[in-house]
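Report on one structure; see the data block that follows.
In the text below, chain A, chain B and the rest are named by the order of the sequence lines, each starting its count at 1.
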Amino acid sequence: MADVRERLLAWYDEHARVLPWRVPPNNRATPDPYRVWLSEVMLQQTTVAAVKDYFARFTERWPTVAELAAAEEADVLSAWAGLGYYARARNLIACARVVADRGGLFPDSEEDLRELPGVGAYTSAAIAAIAFDRRAVVVDANVERVISRLFAITEPLPTSRPAIREAADRVTPERRAGDFAQAMMDLGATICTSREPRCLLCPLSDVCEARAMGIAGDLPRKIAKKARPARTGTAFWIERDSHVLLVQRPGKGMLGGMRALPDDGWNARADGNGKAEFAVRQGDPLGAVTHGFTHFTLTLSVLRAELAGSEPEGEWWPISQIGEAGLPTLFARAAQTALA
DNA sequence: TACTCGTGGGC
DNA sequence: TGCCCAAGAGT
(Lines give C-alpha, C1' and ligand atoms only; values in the text may rest on other atoms or scores of the structure.)
Protein backbone atom coordinates (compact mmCIF):
# COMPACT_ATOMS: atom_id res chain seq x y z
CA MET A 1 0.00 0.00 0.00
CA ALA A 2 2.74 2.42 0.97
CA ASP A 3 4.44 2.20 -2.40
CA VAL A 4 1.13 2.74 -4.20
CA ARG A 5 0.60 5.95 -2.25
CA GLU A 6 4.11 7.28 -2.69
CA ARG A 7 4.39 6.47 -6.36
CA LEU A 8 1.02 7.95 -7.18
CA LEU A 9 1.84 11.17 -5.33
CA ALA A 10 5.24 11.34 -7.04
CA TRP A 11 3.54 10.84 -10.39
CA TYR A 12 1.07 13.61 -9.52
CA ASP A 13 3.86 16.00 -8.56
CA GLU A 14 5.20 15.56 -12.07
CA HIS A 15 2.09 15.13 -14.18
CA ALA A 16 -0.80 16.93 -12.46
CA ARG A 17 -3.16 18.52 -14.95
CA VAL A 18 -3.28 22.30 -14.80
CA LEU A 19 -6.90 23.21 -14.07
CA PRO A 20 -8.47 26.59 -13.29
CA TRP A 21 -9.83 25.49 -9.89
CA ARG A 22 -6.70 23.65 -8.83
CA VAL A 23 -3.69 24.74 -6.78
CA PRO A 24 -0.64 22.93 -8.18
CA PRO A 25 0.95 20.23 -6.00
CA ASN A 26 3.84 21.42 -3.81
CA ASN A 27 2.21 24.82 -3.57
CA ARG A 28 1.56 25.63 0.07
CA ALA A 29 -1.45 27.74 -0.76
CA THR A 30 -4.77 26.26 0.27
CA PRO A 31 -7.36 26.46 -2.49
CA ASP A 32 -10.41 28.66 -1.96
CA PRO A 33 -13.17 26.36 -0.64
CA TYR A 34 -15.71 28.29 -2.71
CA ARG A 35 -13.87 27.49 -5.92
CA VAL A 36 -13.33 23.88 -4.89
CA TRP A 37 -17.02 23.45 -4.08
CA LEU A 38 -18.18 25.18 -7.26
CA SER A 39 -15.89 23.10 -9.46
CA GLU A 40 -16.84 19.86 -7.74
CA VAL A 41 -20.54 20.49 -8.24
CA MET A 42 -20.02 21.44 -11.88
CA LEU A 43 -17.88 18.34 -12.43
CA GLN A 44 -20.55 15.94 -11.18
CA GLN A 45 -21.14 13.62 -14.15
CA THR A 46 -19.64 16.30 -16.37
CA THR A 47 -16.35 16.45 -18.25
CA VAL A 48 -13.54 18.86 -17.46
CA ALA A 49 -13.75 20.28 -20.99
CA ALA A 50 -17.45 21.12 -20.57
CA VAL A 51 -16.93 22.74 -17.17
CA LYS A 52 -14.02 25.09 -17.88
CA ASP A 53 -15.93 27.94 -19.53
CA TYR A 54 -18.80 27.75 -17.05
CA PHE A 55 -16.39 27.87 -14.12
CA ALA A 56 -14.69 30.94 -15.58
CA ARG A 57 -17.98 32.76 -16.15
CA PHE A 58 -19.34 31.90 -12.69
CA THR A 59 -16.23 32.96 -10.79
CA GLU A 60 -15.93 36.16 -12.77
CA ARG A 61 -19.55 37.09 -12.18
CA TRP A 62 -19.78 35.78 -8.62
CA PRO A 63 -16.26 35.81 -7.13
CA THR A 64 -17.40 34.79 -3.64
CA VAL A 65 -20.05 32.57 -2.15
CA ALA A 66 -21.70 35.66 -0.63
CA GLU A 67 -22.14 37.20 -4.06
CA LEU A 68 -23.53 33.98 -5.46
CA ALA A 69 -25.91 33.75 -2.52
CA ALA A 70 -27.18 37.25 -3.28
CA ALA A 71 -27.79 36.52 -6.97
CA GLU A 72 -31.21 36.19 -8.55
CA GLU A 73 -32.08 32.53 -8.94
CA ALA A 74 -33.10 33.11 -12.57
CA ASP A 75 -29.68 34.57 -13.36
CA VAL A 76 -27.90 31.55 -11.90
CA LEU A 77 -30.14 29.11 -13.78
CA SER A 78 -29.51 31.04 -17.00
CA ALA A 79 -25.78 30.95 -16.43
CA TRP A 80 -26.02 27.19 -15.86
CA ALA A 81 -28.05 26.62 -19.05
CA GLY A 82 -26.42 24.01 -21.27
CA LEU A 83 -24.46 22.32 -18.50
CA GLY A 84 -27.23 19.86 -17.66
CA TYR A 85 -28.56 18.29 -14.47
CA TYR A 86 -30.30 21.48 -13.47
CA ALA A 87 -31.09 20.33 -9.94
CA ARG A 88 -27.41 21.05 -9.36
CA ALA A 89 -27.99 24.73 -10.09
CA ARG A 90 -30.99 24.90 -7.78
CA ASN A 91 -29.02 23.20 -5.02
CA LEU A 92 -26.05 25.43 -5.75
CA ILE A 93 -28.06 28.52 -4.85
CA ALA A 94 -29.56 26.87 -1.77
CA CYS A 95 -26.10 25.81 -0.62
CA ALA A 96 -24.58 29.24 -1.25
CA ARG A 97 -27.29 30.82 0.89
CA VAL A 98 -26.70 28.37 3.73
CA VAL A 99 -22.98 29.08 3.65
CA ALA A 100 -23.52 32.84 3.38
CA ASP A 101 -25.67 32.64 6.50
CA ARG A 102 -22.71 31.04 8.26
CA GLY A 103 -20.61 34.09 7.48
CA GLY A 104 -19.45 32.78 4.13
CA LEU A 105 -17.39 29.99 5.67
CA PHE A 106 -17.80 26.46 4.40
CA PRO A 107 -17.80 23.70 7.02
CA ASP A 108 -14.34 22.10 7.17
CA SER A 109 -15.33 18.51 7.98
CA GLU A 110 -16.67 15.84 5.67
CA GLU A 111 -19.57 15.19 8.03
CA ASP A 112 -20.74 18.80 8.13
CA LEU A 113 -20.17 19.37 4.40
CA ARG A 114 -22.39 16.35 3.73
CA GLU A 115 -25.36 18.27 5.16
CA LEU A 116 -25.21 20.96 2.47
CA PRO A 117 -27.70 20.86 -0.43
CA GLY A 118 -26.24 19.12 -3.47
CA VAL A 119 -23.23 17.86 -1.53
CA GLY A 120 -23.24 14.07 -1.31
CA ALA A 121 -20.77 11.38 -0.31
CA TYR A 122 -18.29 12.12 -3.07
CA THR A 123 -18.38 15.92 -2.99
CA SER A 124 -18.16 16.21 0.80
CA ALA A 125 -15.09 13.96 0.83
CA ALA A 126 -13.51 15.82 -2.08
CA ILE A 127 -13.97 19.27 -0.51
CA ALA A 128 -12.75 18.10 2.90
CA ALA A 129 -9.62 16.61 1.36
CA ILE A 130 -8.82 19.21 -1.29
CA ALA A 131 -9.85 22.44 0.41
CA PHE A 132 -9.22 21.56 4.06
CA ASP A 133 -6.45 18.97 3.85
CA ARG A 134 -8.52 16.45 5.77
CA ARG A 135 -8.08 12.75 5.31
CA ALA A 136 -11.16 11.62 3.41
CA VAL A 137 -11.82 8.64 1.16
CA VAL A 138 -12.78 10.16 -2.17
CA VAL A 139 -14.52 7.74 -4.52
CA ASP A 140 -15.77 8.82 -7.92
CA ALA A 141 -16.01 6.94 -11.21
CA ASN A 142 -12.27 7.37 -11.80
CA VAL A 143 -11.37 5.94 -8.42
CA GLU A 144 -13.81 3.07 -8.94
CA ARG A 145 -12.07 2.23 -12.19
CA VAL A 146 -8.51 2.55 -10.88
CA ILE A 147 -9.24 0.56 -7.70
CA SER A 148 -11.18 -2.13 -9.59
CA ARG A 149 -8.13 -2.70 -11.77
CA LEU A 150 -5.45 -2.29 -9.12
CA PHE A 151 -7.06 -5.02 -7.00
CA ALA A 152 -8.68 -6.98 -9.83
CA ILE A 153 -12.19 -6.61 -8.42
CA THR A 154 -14.18 -8.60 -10.98
CA GLU A 155 -17.55 -8.35 -9.31
CA PRO A 156 -19.63 -5.86 -11.35
CA LEU A 157 -20.67 -2.37 -10.32
CA PRO A 158 -22.66 -1.30 -8.43
CA THR A 159 -22.45 -4.48 -6.30
CA SER A 160 -18.70 -4.01 -5.92
CA ARG A 161 -19.01 -0.52 -4.40
CA PRO A 162 -18.46 -1.56 -0.75
CA ALA A 163 -15.35 -3.57 -1.66
CA ILE A 164 -14.03 -0.69 -3.76
CA ARG A 165 -14.56 1.74 -0.94
CA GLU A 166 -12.73 -0.49 1.54
CA ALA A 167 -9.79 -0.82 -0.83
CA ALA A 168 -9.76 2.94 -1.47
CA ASP A 169 -9.73 3.51 2.28
CA ARG A 170 -6.70 1.22 2.64
CA VAL A 171 -4.67 3.12 0.05
CA THR A 172 -5.68 6.66 1.06
CA PRO A 173 -2.79 8.35 2.89
CA GLU A 174 -3.04 10.24 6.18
CA ARG A 175 -1.36 13.25 4.62
CA ARG A 176 -1.95 14.84 1.23
CA ALA A 177 -5.32 13.10 0.92
CA GLY A 178 -6.47 15.91 -1.39
CA ASP A 179 -3.52 15.51 -3.71
CA PHE A 180 -3.97 11.75 -3.57
CA ALA A 181 -7.62 12.05 -4.59
CA GLN A 182 -6.78 14.37 -7.45
CA ALA A 183 -3.94 12.07 -8.48
CA MET A 184 -6.34 9.13 -8.68
CA MET A 185 -8.71 11.20 -10.80
CA ASP A 186 -5.95 12.44 -13.09
CA LEU A 187 -4.68 8.90 -13.48
CA GLY A 188 -8.19 7.71 -14.31
CA ALA A 189 -8.75 10.54 -16.76
CA THR A 190 -5.46 10.32 -18.64
CA ILE A 191 -3.89 6.85 -18.13
CA CYS A 192 -6.29 4.39 -16.53
CA THR A 193 -9.02 5.28 -19.00
CA SER A 194 -12.20 3.28 -19.44
CA ARG A 195 -11.25 2.22 -22.94
CA GLU A 196 -7.73 1.17 -23.89
CA PRO A 197 -5.87 2.02 -20.69
CA ARG A 198 -2.31 3.24 -21.27
CA CYS A 199 -0.68 0.77 -18.91
CA LEU A 200 2.78 1.41 -20.37
CA LEU A 201 2.64 4.94 -18.96
CA CYS A 202 1.11 4.00 -15.60
CA PRO A 203 3.17 4.44 -12.43
CA LEU A 204 1.25 1.54 -10.84
CA SER A 205 1.37 -0.93 -13.70
CA ASP A 206 3.79 -3.34 -12.03
CA VAL A 207 1.57 -3.71 -8.96
CA CYS A 208 -1.74 -3.69 -10.85
CA GLU A 209 -3.45 -7.04 -10.42
CA ALA A 210 -5.74 -6.64 -13.43
CA ARG A 211 -2.75 -5.72 -15.56
CA ALA A 212 -0.98 -8.90 -14.44
CA MET A 213 -4.07 -10.92 -15.33
CA GLY A 214 -4.45 -9.19 -18.68
CA ILE A 215 -7.95 -7.94 -17.88
CA ALA A 216 -7.33 -4.26 -17.09
CA GLY A 217 -9.37 -3.07 -20.07
CA ASP A 218 -12.30 -5.29 -19.05
CA LEU A 219 -12.70 -3.75 -15.59
CA PRO A 220 -14.74 -2.48 -13.93
CA ARG A 221 -17.52 -4.79 -15.07
CA LYS A 222 -20.99 -3.30 -14.96
CA ILE A 223 -24.55 -4.57 -14.75
CA ALA A 224 -26.22 -4.21 -18.15
CA LYS A 225 -28.40 -1.13 -18.49
CA LYS A 226 -31.99 -1.02 -19.61
CA ALA A 227 -32.77 0.13 -23.12
CA ARG A 228 -33.73 3.78 -23.52
CA PRO A 229 -37.32 4.27 -24.70
CA ALA A 230 -38.11 6.72 -27.49
CA ARG A 231 -40.58 9.51 -26.71
CA THR A 232 -42.23 12.18 -28.82
CA GLY A 233 -43.39 15.64 -27.92
CA THR A 234 -44.37 18.98 -29.39
CA ALA A 235 -43.09 22.47 -28.68
CA PHE A 236 -44.86 25.64 -29.80
CA TRP A 237 -43.22 28.64 -31.45
CA ILE A 238 -45.47 31.60 -30.79
CA GLU A 239 -44.32 34.97 -32.18
CA ARG A 240 -45.55 38.49 -31.57
CA ASP A 241 -43.79 41.67 -32.68
CA SER A 242 -40.39 40.00 -33.14
CA HIS A 243 -40.69 38.32 -29.75
CA VAL A 244 -41.33 34.66 -28.88
CA LEU A 245 -43.28 33.32 -25.93
CA LEU A 246 -41.16 31.57 -23.32
CA VAL A 247 -42.39 29.88 -20.16
CA GLN A 248 -40.72 28.74 -16.96
CA ARG A 249 -40.82 25.00 -16.35
CA PRO A 250 -42.00 23.63 -13.00
CA GLY A 251 -39.37 23.71 -10.26
CA LYS A 252 -38.94 19.95 -10.10
CA GLY A 253 -38.55 17.29 -12.75
CA MET A 254 -37.03 17.50 -16.19
CA LEU A 255 -35.21 20.79 -16.84
CA GLY A 256 -36.82 22.03 -13.64
CA GLY A 257 -37.05 25.78 -13.24
CA MET A 258 -35.58 26.46 -16.64
CA ARG A 259 -36.86 28.84 -19.29
CA ALA A 260 -38.37 26.92 -22.20
CA LEU A 261 -40.70 26.92 -25.17
CA PRO A 262 -44.29 25.98 -24.29
CA ASP A 263 -44.82 22.27 -24.92
CA ASP A 264 -47.32 19.45 -24.66
CA GLY A 265 -46.25 17.80 -21.43
CA TRP A 266 -43.94 15.09 -22.79
CA ASN A 267 -41.90 13.28 -20.15
CA ALA A 268 -39.70 10.22 -19.58
CA ARG A 269 -42.68 7.91 -19.15
CA ALA A 270 -45.14 9.20 -21.74
CA ASP A 271 -45.36 10.94 -25.09
CA GLY A 272 -46.80 14.41 -25.19
CA ASN A 273 -50.46 14.78 -26.14
CA GLY A 274 -49.74 17.24 -28.95
CA LYS A 275 -51.61 20.06 -27.22
CA ALA A 276 -50.40 23.16 -25.43
CA GLU A 277 -51.49 23.88 -21.87
CA PHE A 278 -53.36 26.95 -23.13
CA ALA A 279 -55.52 27.64 -26.17
CA VAL A 280 -53.59 27.96 -29.44
CA ARG A 281 -54.22 27.76 -33.15
CA GLN A 282 -51.61 25.41 -34.53
CA GLY A 283 -49.80 26.50 -37.67
CA ASP A 284 -47.04 25.17 -39.89
CA PRO A 285 -44.57 22.54 -38.72
CA LEU A 286 -41.15 24.17 -38.42
CA GLY A 287 -39.07 21.02 -37.98
CA ALA A 288 -38.06 18.56 -35.30
CA VAL A 289 -35.07 17.86 -33.08
CA THR A 290 -34.02 14.53 -31.61
CA HIS A 291 -32.33 14.84 -28.27
CA GLY A 292 -30.85 12.09 -26.11
CA PHE A 293 -31.43 12.24 -22.39
CA THR A 294 -29.91 9.80 -19.95
CA HIS A 295 -32.86 7.42 -19.86
CA PHE A 296 -34.89 8.19 -22.96
CA THR A 297 -34.65 9.78 -26.38
CA LEU A 298 -37.02 12.59 -27.30
CA THR A 299 -38.09 13.66 -30.75
CA LEU A 300 -39.55 17.10 -30.33
CA SER A 301 -41.65 18.55 -33.16
CA VAL A 302 -41.70 22.32 -33.35
CA LEU A 303 -44.98 23.87 -34.47
CA ARG A 304 -45.76 27.48 -35.24
CA ALA A 305 -48.82 28.56 -33.26
CA GLU A 306 -50.89 31.60 -32.32
CA LEU A 307 -52.62 32.35 -29.07
CA ALA A 308 -56.34 31.59 -29.26
CA GLY A 309 -57.41 32.59 -25.80
CA SER A 310 -56.35 34.50 -22.75
CA GLU A 311 -52.74 35.54 -22.27
CA PRO A 312 -50.81 32.65 -20.68
CA GLU A 313 -48.14 33.10 -18.04
CA GLY A 314 -44.75 33.62 -19.59
CA GLU A 315 -42.48 36.24 -21.09
CA TRP A 316 -42.13 37.62 -24.58
CA TRP A 317 -38.47 37.29 -25.38
CA PRO A 318 -36.83 39.27 -28.23
CA ILE A 319 -36.06 36.72 -30.95
CA SER A 320 -32.85 38.47 -31.91
CA GLN A 321 -31.56 37.76 -28.38
CA ILE A 322 -32.78 34.19 -28.07
CA GLY A 323 -29.20 33.09 -27.41
CA GLU A 324 -29.24 34.93 -24.09
CA ALA A 325 -32.49 33.39 -22.86
CA GLY A 326 -30.73 30.65 -20.91
CA LEU A 327 -32.54 27.86 -22.70
CA PRO A 328 -31.41 24.31 -21.95
CA THR A 329 -29.90 22.63 -24.98
CA LEU A 330 -33.07 20.82 -26.06
CA PHE A 331 -35.00 24.09 -26.41
CA ALA A 332 -32.04 26.01 -27.75
CA ARG A 333 -31.94 23.49 -30.58
CA ALA A 334 -35.71 23.68 -31.04
CA ALA A 335 -35.45 27.46 -31.35
CA GLN A 336 -32.62 27.08 -33.80
CA THR A 337 -34.81 24.79 -35.87
CA ALA A 338 -37.71 27.23 -35.80
CA LEU A 339 -35.47 30.05 -37.03
CA ALA A 340 -33.65 28.05 -39.69
C1' DT B 1 -32.37 -0.20 -3.97
C1' DA B 2 -33.34 1.55 -8.23
C1' DC B 3 -34.80 5.24 -10.66
C1' DT B 4 -34.55 10.14 -12.13
C1' DC B 5 -31.98 13.73 -13.93
C1' DG B 6 -28.45 16.60 -19.38
C1' DT B 7 -25.09 17.10 -22.32
C1' DG B 8 -21.19 16.59 -25.49
C1' DG B 9 -17.46 13.78 -27.08
C1' DG B 10 -15.27 9.45 -28.57
C1' DC B 11 -15.34 5.54 -31.35
C1' DT C 1 -24.81 5.62 -36.23
C1' DG C 2 -25.93 4.29 -31.64
C1' DC C 3 -23.88 3.46 -27.45
C1' DC C 4 -20.82 4.39 -23.70
C1' DC C 5 -19.01 7.46 -20.73
C1' DA C 6 -18.06 11.62 -17.42
C1' DA C 7 -15.04 14.77 -10.38
C1' DG C 8 -23.09 12.01 -8.44
C1' DA C 9 -27.15 13.64 -5.68
C1' DG C 10 -31.87 13.19 -4.37
C1' DT C 11 -35.62 10.41 -3.58
Side-chain angles (χ1 to χ4, degrees), chain A residues 17 19-22 35-55 77 80-92 94-95 113-131 136 138-146 157-159 161-162 168 178 180-190 192-197 217 220-231 249-258 260 267-269 289-298 300 327-333:
Chain A
R17 286 178 292 174
L19 300 172
W21 46 84
R22 176 179 284 180
R35 293 167 64 87
V36 174
W37 161 73
L38 180 62
S39 66
E40 289 300 342
V41 173
M42 286 184 166
L43 286 161
Q44 289 165 6
Q45 295 288 286
T46 309
T47 58
V48 165
V51 164
K52 278 183 175 171
D53 289 347
Y54 284 87
F55 181 81
L77 290 177
W80 195 277
L83 198 53
Y85 284 140
Y86 298 98
R88 292 185 296 174
R90 303 194 298 272
N91 284 328
L92 191 81
C95 182
L113 286 160
R114 181 71 179 77
E115 300 299 314
L116 297 170
V119 177
Y122 161 77
T123 304
S124 57
I127 298 172
I130 296 169
V138 180
V139 182
D140 75 326
N142 288 300
V143 176
E144 286 181 345
R145 187 169 57 254
V146 172
L157 285 168
T159 315
R161 289 236 161 91
F180 181 81
Q182 294 179 92
M184 290 284 276
M185 293 190 274
D186 279 19
L187 190 74
T190 64
C192 196
T193 47
S194 61
R195 283 188 298 263
E196 313 237 352
R221 299 194 175 123
K222 297 186 179 183
I223 303 278
K225 295 175 183 175
K226 292 196 307 184
R228 294 195 304 182
R231 299 291 178 208
R249 295 178 60 82
K252 295 183 178 178
M254 293 285 308
L255 311 174
M258 300 299 288
N267 62 57
R269 287 166 293 284
V289 297
T290 297
H291 191 75
F293 292 102
T294 305
H295 50 302
F296 69 106
T297 299
L298 177 70
L300 186 69
L327 295 174
T329 299
L330 167 67
F331 290 107
R333 293 180 57 206

Give one of base, sugar-phosphate or nothing for [X], where a contact means two heavy atoms less than 4.0 Å apart.
X	result
A/P158	nothing
A/T294	base
A/L19	base
A/A181	nothing
A/W37	nothing
A/K252	nothing
A/L83	base
A/A49	nothing
A/G256	nothing
A/A87	nothing
A/R269	sugar-phosphate
A/M254	sugar-phosphate
A/T123	sugar-phosphate

For nucleotides [N] and [M], find the distance between their [atom1] atoms and express it as a whole number of Å.
N	M	atom1	value
B/dT1	C/dT11	C1'	11 Å
B/dC3	C/dC4	P	16 Å
C/dC5	B/dG6	C1'	13 Å
B/dG8	C/dT1	P	16 Å

Length of the [atom1]-[atom2] vector between [X] and [N], whole Å:
X	N	atom1	atom2	result
A/R88	C/dA7	CZ	C1'	10 Å
A/Q44	C/dA6	CD	P	15 Å
A/L298	C/dG2	CG	P	16 Å
A/M42	C/dA7	CE	C1'	13 Å
A/E40	C/dA6	CD	P	16 Å
A/K52	C/dA6	NZ	P	18 Å
A/F293	C/dC3	CZ	C1'	17 Å
A/Q45	C/dA6	CD	P	8 Å

Is a side-chain donor or acceptor of [X] paired with a backbone partner of [Y] at a separation under 3.5 angstrom?
X	Y	answer
A/Y85	A/M42	no
A/S124	A/G120	yes
A/T159	A/L157	no

Open item on the list: Side chains of A/Q182 and A/R22 only: does a donor on one sit below 3.5 Å from an acceptor on the other?
Closed with: yes

Open item on the list: If you go through the side-chain atoms of A/R17, does one of them form a donor-acceptor pair with the base of C/dA7 closer than 3.5 Å?
Closed with: yes

Over all heavy atoms of both residues, which pair between [X] and [Y] is shortest? Give the atoms and the distance, please.
X	Y	result
A/A125	A/A136	O-CB, 3.5 Å
A/A128	A/L113	N-CD1, 3.7 Å
A/H291	A/R333	ND1-NH1, 3.2 Å
A/L77	A/G257	CD1-O, 3.4 Å

Open item on the list: OP1 or OP2 of C/dG2 versus the side-chain N and O atoms of A/R228: is any pair under 4.0 Å?
Closed with: no

Task: Test side chain to side chain contact (heavy atoms under 4.5 Å, CB included) applied to A/A126 - qualifying residues, sequence neighbours left out - done: A/E40, A/Y122, A/I130, A/V138

Task: Nearest-nucleotide 5' precedence on DNA chain C, A/P117 against A/S39 - done: A/S39

Task: 5' priority, DNA chain B, between A/T47 and A/G253 [closest heavy atom] - done: A/G253

Task: Segment of DNA chain B, first to last nucleotide, that comes within the 4.0 Å heavy-atom reach of chain A - done: B/dC3 to B/dG8

